[in-house]
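Working notes, structure below.
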Number of protein chains: 2
Amino acid sequence: MPTIKEVSELAGVSQATVSRVMNGSDRVTEATKRRVMDAMKTLGYHPKAAAQSLASNRTNSIGMVVSELQGPFYGPMMAGVEEVMRKAHKHLIIAAGHGEEHTEREAIEFLINRQVDGLILLVERLDDDYLLALNERVPLFLINHHIQGLHDRTIWLDNELGGYRATRYLIDQGHERIACITGQMWKQDAQERLQGYQRAMAEAGIEVRDEWIVNSYFELEGGIEAFHTLMERDTGCTAVLACNDELAFGVLEAADDAGIKLPEQLSVMGFDNVLTARYVQPKLTTMNFPMYEMAQASARMVMTAVYEKQQTEEAVFEPTLVERQSVRSLR
Amino acid sequence: MPTIKEVSELAGVSQATVSRVMNGSDRVTEATKRRVMDAMKTLGYHPKAAAQSLASNRTNSIGMVVSELQGPFYGPMMAGVEEVMRKAHKHLIIAAGHGEEHTEREAIEFLINRQVDGLILLVERLDDDYLLALNERVPLFLINHHIQGLHDRTIWLDNELGGYRATRYLIDQGHERIACITGQMWKQDAQERLQGYQRAMAEAGIEVRDEWIVNSYFELEGGIEAFHTLMERDTGCTAVLACNDELAFGVLEAADDAGIKLPEQLSVMGFDNVLTARYVQPKLTTMNFPMYEMAQASARMVMTAVYEKQQTEEAVFEPTLVERQSVRSLR
DNA sequence: CTGAAAGCGCTAACAG
DNA sequence: CTGTTAGCGCTTTCAG
């Protein structure tokens, strides 16, 4: 492994100069720059990340913490981040929270000890005070998590708008009695999606009856249970907004078991557009969650904030309708 | 950020001693060890990874290259690796190949420049010579990829056995005319699964007719196309082994579109047991691919080979049957 | 069992 | 525009 010293000798310059051309920072003559570059090439030189970090106090790596690596959500997320990071020659170190607050904090500490230059967080269970304190130690970037004072470091999906658009679509298809199955209400996105539903209904002048809303949790089983309570309540709803696809899948399954034909007897609308949505029967109409794009945006935000030291501003993404076959038009 | 120097001063020992207790290597008196530990704790000391790397020529990080981050496959894989790595206080740096040989090599070079201590590869398109050469530069660990001379660094799924068991199950259910939809035949696993099918059929004394085998590719569309060619060939098969779940989903969809009832008119068997398999209609009977466990195994292999300098041996995993509803018994 | 000292390979003032 | 000079924080001989 050649070192900077060898390069400098072969190029007939000082190590400092070599360092300069690598970092492109200071002004160097085209001529010497060329000489150095050639020397690097013939030696097959690659700077040693550890040495750079130690000297510069920058690791050129950023950490990413996700609640869990499983699930349909995180692949695209990681892929998006990884892509832009690598193009910029930065390293992505990942850690998973495995679903618990305790392990999420552990994952974060782990990455901070690694002295990452920045931290992208896609987590749910951490409280704001902790995160704010954390931000003093390392620049934080938050995906889908709002915190007072960190707006310009936030990438989020407008869930309220998504809930609104989804509901609006159902209404436009002629539905009036529309049920809504929510996720865990301590989750910000669950709340917001419900709010969007309520706004759309209010706007359409439809009075939402309490029995139309069933509180559940973002899992297949949650969808199944919710479907049953909906049946028991005998609401007469013709459509249901499941606040994420998983819930919708549960509804699909439960409906099928109950011998209810979809979408003929009940229209189902999902939210997230996970991969599986295209595979189920009927193919799920849902709101698209542009995870890949949001991930790229978060990585770009890191680049400009951390490495270019420039101000950033929050990035908002909008869910868009993906029309498939689980919603029937009443018109 | 406290340094080793401060710790040593507070503990009244030399830096060397502190280093020793951290690495647990040399013998140190219990007494001084305790003093050092206390000092570390009161200072909230954490060693700086970059400095350690530079001095020890070990980065305590291993790289992982996957063909693509998307898809149902890699989440569990990463989760498994990450879990055991983090427990051992090692770092996981990931890079994606994004499906092309060119970018896969790039990803690998990227990680090598990062001086990772080892490299876990879950890739398909790289040729053996390249990988063997690579192994001279950094210890390689291969998931589902066989290479002469790297057996003891390989973690693999017995695809042939999986194909055999799947087919065997179909036969046991009373099927005789069993079609097989393969993946891209340049993929090792596609070949092996087919071989397993053939072995089971031969063993059962069933002569496989050429028209029962349709060469396709591991995607939903591949399954749809394969289903249609199967229909055109009018084989009279009562069951079909789709060599991965994606293919099976394609068959499900195409069959549904063609008005063919599953599993009444055709039994479908998948392979991989991706998350989605539980969501489709009928729920897919398939062979389980223990990705999470295999990932953990690969990480453990890295630990013992790289950090404990001990010999390892290949780890083989067996696919097991997951019985759901897409296969009908003829008995 | 412990300390002293010499780097690991690079960056970052500070001069010139 | 370029060279000189200190380190960055840790590990690792080599003595003792």
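Every chain is numbered from 1, with letters handed out A, B, ... down the list of sequences. Everything numeric in this text was worked out from a predicted model, so none of it was measured.
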**OP:** For residues B/His145 and B/Trp156, determine if any side-chain heavy atom of one lies less than 4.5 Å from a side-chain heavy atom of the other.
**Re:**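 Not in contact.
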Subject >> cation_pi(A/Lys187, A/Phe218) dist<6.0 Å, angle<=45 >> reply: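 Negative - A/Lys187 is either too far from the ring of A/Phe218 or too far off its axis.
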Original post:
Can you tell me if the side-chain N/O atoms of B/Asn23 get under 4.0 Å from OP1 or OP2 in D/dT11?
Top reply: yes
Original post:
For D/dC10, does either OP1 or OP2 sit under 4.0 Å from a side-chain N or O belonging to B/Ser19?
Top reply: no
Atom-to-atom span, [atom1] of [X] to [atom2] of [N] - whole angstrom:
X	N	atom1	atom2	answer
A/Asp117	C/dT11	CG	P	14 Å
B/Asn57	D/dT12	CG	C1'	12 Å
A/Met22	C/dG9	CE	C1'	9 Å
A/Arg20	C/dA12	CZ	P	10 Å

Original post:
Taking atom CD of A/Glu313 as the centre, does the number of heavy atoms from other residues, nucleotides or ligands within less than 6.0 Å exceed 12?
Top reply: no
Heavy atom of [range] under 4.0 Å from DNA chain D: which residues?
range	result
residues 49-56 of chain B	B/Ala51, B/Gln52, B/Ala55, B/Ser56
residues 30-47 of chain A	A/Thr32
residues 1-15 of chain B	B/Thr3, B/Ile4, B/Gln15

Original post:
Would you call A/Glu101 and A/Arg105 a salt bridge, using N to O less than 4.0 angstrom?
Top reply: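 Looking at A/Arg105 together with A/Glu101, the answer is yes, because their closest N to O distance falls below 4.0 Å.
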**OP:** Salt-bridge test for B/Glu106 and A/Lys87: reply yes if a basic N is under 4.0 Å from a carboxylate O, no otherwise.
**Re:**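 The answer is no: the pair does not qualify as a salt bridge.
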**OP:** On the 0 to 90° scale, with breaks at 30° and 60°, tag the B/Phe110-A/His89 ring pair as parallel, tilted or perpendicular.
**Re:**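 Judged by the thresholds at 30° and 60°, the geometry between B/Phe110 and A/His89 is tilted.
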Original post:
A/Gln310 side chain to A/Ala305 main-chain N or O, any donor-acceptor pair under 3.5 Å?
Top reply: no
Original post:
With distance as the sole test, does B/Gln188 use its side chain to make a donor-acceptor pair with the main-chain N or O of B/His146 at under 3.5 Å?
Top reply: yes
Original post:
Roughly how far, to the nearest 0.5 Å, is CE of A/Met40 from CZ of A/Arg35?
Top reply: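 A/Arg35 CZ to A/Met40 CE: 13.0 Å, rounded to 0.5 Å.
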**OP:** State the CG-CD distance between A/Leu92 and A/Glu83, to the nearest 0.5 angstrom.
**Re:**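 Here the interatomic distance stands at 12.0 Å.
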**OP:** Go through the steps to decide whether A/Glu109 and A/Arg137 satisfy the test salt bridge (charged side-chain N to carboxylate O under 4.0 Å, His left out), and finish with yes or no.
**Re:** CA-CA 11 Å; A/Glu109 295 297 330; A/Arg137 300 210 275 156; 2.9 Å; yes
